[in-house]
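Residue numbers begin at 1 in each chain, while the letters A, B, ... track the order of the sequences. In this text the structure is predicted, and so the values were computed from the model without any measurement. What you see below is based on every heavy atom in this structure, not just the backbone, and it leaves out hydrogens, waters and symmetry mates.
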Protein chains: 2
Amino acid sequence: MAASYLKKGVAMGVSIDDVAAQAHVSTATVSRALRGLPRVSEPTRAKVLAVAKSMGYVASPSARGLASGRTRTVGVLVPYVDRWYFGHAIEGIDQVLRDNGYNLLLFSLGGYVHGTKRSFTESMVRKQIDALLVLSLGLSPEELRQLHTTDIPLMSVGGPVEGCSGIYIDDVAAASAATEHLIALGHRRIGYLRGGVQDEQNFKVPALRTVGFEASMARAELSLHPEWNVPGDFTVAEGVRAAAGIFDLAGPNPTAIFCGSDEMALGLLFEAQRRGIRVPEELSVVGIDDHDFSKAAGLTTIAQNPWEHGRAAATIVLSELDGKKEPQKKPYMPFELVVRNTTAPPMS
Amino acid sequence: MAASYLKKGVAMGVSIDDVAAQAHVSTATVSRALRGLPRVSEPTRAKVLAVAKSMGYVASPSARGLASGRTRTVGVLVPYVDRWYFGHAIEGIDQVLRDNGYNLLLFSLGGYVHGTKRSFTESMVRKQIDALLVLSLGLSPEELRQLHTTDIPLMSVGGPVEGCSGIYIDDVAAASAATEHLIALGHRRIGYLRGGVQDEQNFKVPALRTVGFEASMARAELSLHPEWNVPGDFTVAEGVRAAAGIFDLAGPNPTAIFCGSDEMALGLLFEAQRRGIRVPEELSVVGIDDHDFSKAAGLTTIAQNPWEHGRAAATIVLSELDGKKEPQKKPYMPFELVVRNTTAPPMS
DNA sequence: CTGTTAGCGCGTTCAT
DNA sequence: ATGAACGCGCTAACAG
């Protein structure tokens, strides 16, 4: 029995040499056989496979990485993992990565999207990953420059990022669809809870949705009420805060409100209920996302599928890594209006 | 100028040898200096640091891993990433890992908690990670065995796992606290939406909460109504389904319901609102978690902090890796009753 | 305090 | 089709 593959009583540390020895072939042959390369006779390959399996051999990722320069790991950079869009997108990414034998290295900014605690540098990526997926995040010019010097495939998910292709919906069109649903219902006094409170750096999504909203309002020749346009940060908490701000206003209230995210819409719904404002009788509400809670809450929304976005993006970078020409990428991922119980014609 | 560190026009591939050459020292000295090891004079160290920085040197993780046997990466195994508890726990873990120069390799079962698509094997972990954090997941005896043969630190988060220490709350006590809050309010007809619908394998949490609920009921000499005890899977959707099941019942309804998770409680709340059942006047509701939505919804609950759980667990495994004796681990993480607007004394 | 040297485990020519 | 030998970049003994 080969000397070195029994340590601590269990199979561990079994290296390619151990397999080679036991199979009576060279390490080169083992390497070829295991990776499905040509230039190995079928009998030999079968024998190697059998021996490797019986010894519980698994190639060392470090050694493989050192020798080949590829780690079979892709990095995923996210602003948060504990938010609806990101969690689902990561799930989708993880799935196709794993199905293809790749690993997922997670980098979360943990909410430090701005400021000095934001510590994402090229050194974190260096020689560690074969590709990088950037989720809905505005990268600074400097970060972008660093990333591009690493010379690995880059792709954004959930929003456009300068200098690289990405997977996302047409946010302008989505916001328009939501707004036009309200307009078609007969609403004329329409408010807007927008996401992206402050400087979201290069992250364009909030601005795009605003563009869609305002374009639709303009096309219908409806006027924008600045006091009904309040900013939030895409969270429930901001939804209730922003809603309270509008509800507290004197004068005529909007008969409908478009929310930049379902989380904000849900927050608004909670606040409305607290104040006894009946939805949709007195107020119509529409969001964007189709959050896990939206169906249960009966929220009308524009549905998008971050899980599919993740799958699509991962699939593309992997095919890029395999040298295949990347499949014709559709310009935008689909979205869909889902009418539920929070929208209706205005009473007045 | 050293020959090999300018390729493709940008700094890349600069190795420890390049630094050594440029600093006029040996590779060993560079290695020591950069890792803060002793046996290097201050002037030398400063010089090496300066040169390394100017050349943009970053050690290759693969080479480092091959030579040292440690990857500075810890694995995190989760059943889902797109669920409240897990997302926050991962966030906490990521933070302390990154602060200590460690990477986070994510393994998600993506909902395939059971069945054949569940593919987590020891080979995924082999030589790739220095430690593994298992989140709220029942591992099969076979998986546990495989994991232990890898001989790396193992720790569970969110629930107990046989054979390794873990970070979590006392679920029995938490469920009791929720139940007793209801009882103290004067409720006697109390229902229970429990999580963990089917065979959750070795995942104990649902069962523990059931134990806590039933123990408190027994202590108060209240009877369990089997028809008010309906199973779900911890999600909103299941919450509304389960709630509908109870509301549809003929005969006297419960005056209060304890939900095994806030998501289920929220689902119940949505369904109650849909049916015009007033909370808390006609029905009191209490959950467990303090989900992001709970404050906005005014849900009374037992709060726990998965973010802190993640931080604590990561801190412990890291200190274990550093050979420090692990800090005295508190037996349980804290939880707290947060009374909001969904609980009140019963009307009748 | 510093330099030399031998691996770590695998991919990859280049012979054969 | 197969094997011998070198190199990937770094850490860790050991020498000095």
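- When all heavy atoms are compared, the tightest approach of Arg45(A) to Ala33(A) is NH1-O, 3.1 Å.
- For the OP1/OP2 pair of dT12(C) and a distance below 4.0 Å, the side-chain nitrogens and oxygens of Arg35(A) include at least one atom meeting the criterion.
- For the OP1/OP2 pair of dT2(D) and a distance below 4.0 Å, the side-chain nitrogens and oxygens of Ser41(A) include at least one atom meeting the criterion.
- For the pair Gln128(A) CD and dG9(D) P, the computed distance is 15 Å after rounding to whole Å.
- Backbone-only engagement by Val25(A) is indicated by non-hydrogen atom pairs under 4.0 Å involving sugar-phosphate atoms exclusively.
- A donor-acceptor pair under 3.5 Å links the side-chain atoms of Arg70(B) to the main chain of Leu321(B), judged by distance alone.
- Comparing atom distances between the Leu66(B) side chain and each of dC10(D), dC8(C), dT4(C) picks out dC8(C) as nearest.
- Taking the side chain of Ala28(B) as heavy atoms from C-beta on, and the options dA12(D), dC10(D), dG11(C), the nearest nucleotide is dA12(D).
- Atom-to-atom, CG of Leu34(A) to P of dC10(C) comes out at 10 Å; the value is rounded to the nearest Å.
- Between the side chain of Thr71(A) and the main chain of Gln128(A), a donor-acceptor pair closer than 3.5 Å is present.
- Using a distance-only test at 3.5 Å, with no hydrogens or angles considered, no donor-acceptor pair links the side chain of Ser31(B) to the main chain of Thr27(B).
- No engagement by Ser62(A) is indicated, since no non-hydrogen atom pair under 4.0 Å with the nucleic acid exists.
- For dG3(D), one of the phosphate oxygens OP1 or OP2 lies less than 4.0 angstrom from a side-chain nitrogen or oxygen of Thr29(A).
- Residue Ser60(B) places none of its side-chain N or O atoms closer than 4.0 Å to OP1 or OP2 of dC8(D).
- Residue Thr27(B) has no polar side-chain atom (N or O) positioned under 4.0 Å from OP1 or OP2 of dT4(C).
- Between Arg64(B) and dT11(D) there is a side-chain polar atom (N or O) within less than 4.0 angstrom of OP1 or OP2.
- Remark: Ser26(B) is in phosphate contact with dG3(C), judged by side-chain N or O atoms under 4.0 Å from OP1 or OP2.
- With hydrogens and angles left out, the side chain of Arg32(A) and the base of dG3(D) share a donor-acceptor pair within 3.5 Å.
- For dT11(D), neither phosphate oxygen OP1 nor OP2 lies less than 4.0 angstrom from any side-chain nitrogen or oxygen of Ser68(B).
- At the heavy-atom level, Ala59(B) lies under 4.0 Å from the strands shown only through sugar-phosphate atoms.
- Gln95(B) and Glu91(B) share no donor-acceptor pair across their side chains, judged by distance under 3.5 Å alone.
- If you measure from atom OH of Tyr57(A) to atom P of dG9(C), you get 10 Å, rounded to the nearest angstrom.
- Of the possible donor and acceptor atoms, none in the side chain of Tyr57(B) sits under 3.5 Å from a partner among the backbone N and O of Val19(B).
- For Ala67(B) and Ser31(A), each mapped to the nucleotide of DNA chain C holding its nearest heavy atom, the one lying further toward the 5' end belongs to Ala67(B).
- A straight line from CZ of Arg39(B) to C1' of dA15(D) spans 12 Å, rounded to a whole angstrom.
- Between the C1' atom of dG3(C) and the NE2 atom of His24(B) lies a distance of 16 Å, rounded to the nearest Å.
- Across the protein-nucleic acid pair, Glu42(B) atom CD and dT2(C) atom C1' stand 15 Å apart, rounded to whole Å.
- Atom CG of Leu37(A) and atom P of dG11(C) are 9 Å apart (whole Å).
- Separating the CZ atom of Arg70(A) from the C1' atom of dC10(C) is a distance of 15 Å, rounded to the nearest angstrom.
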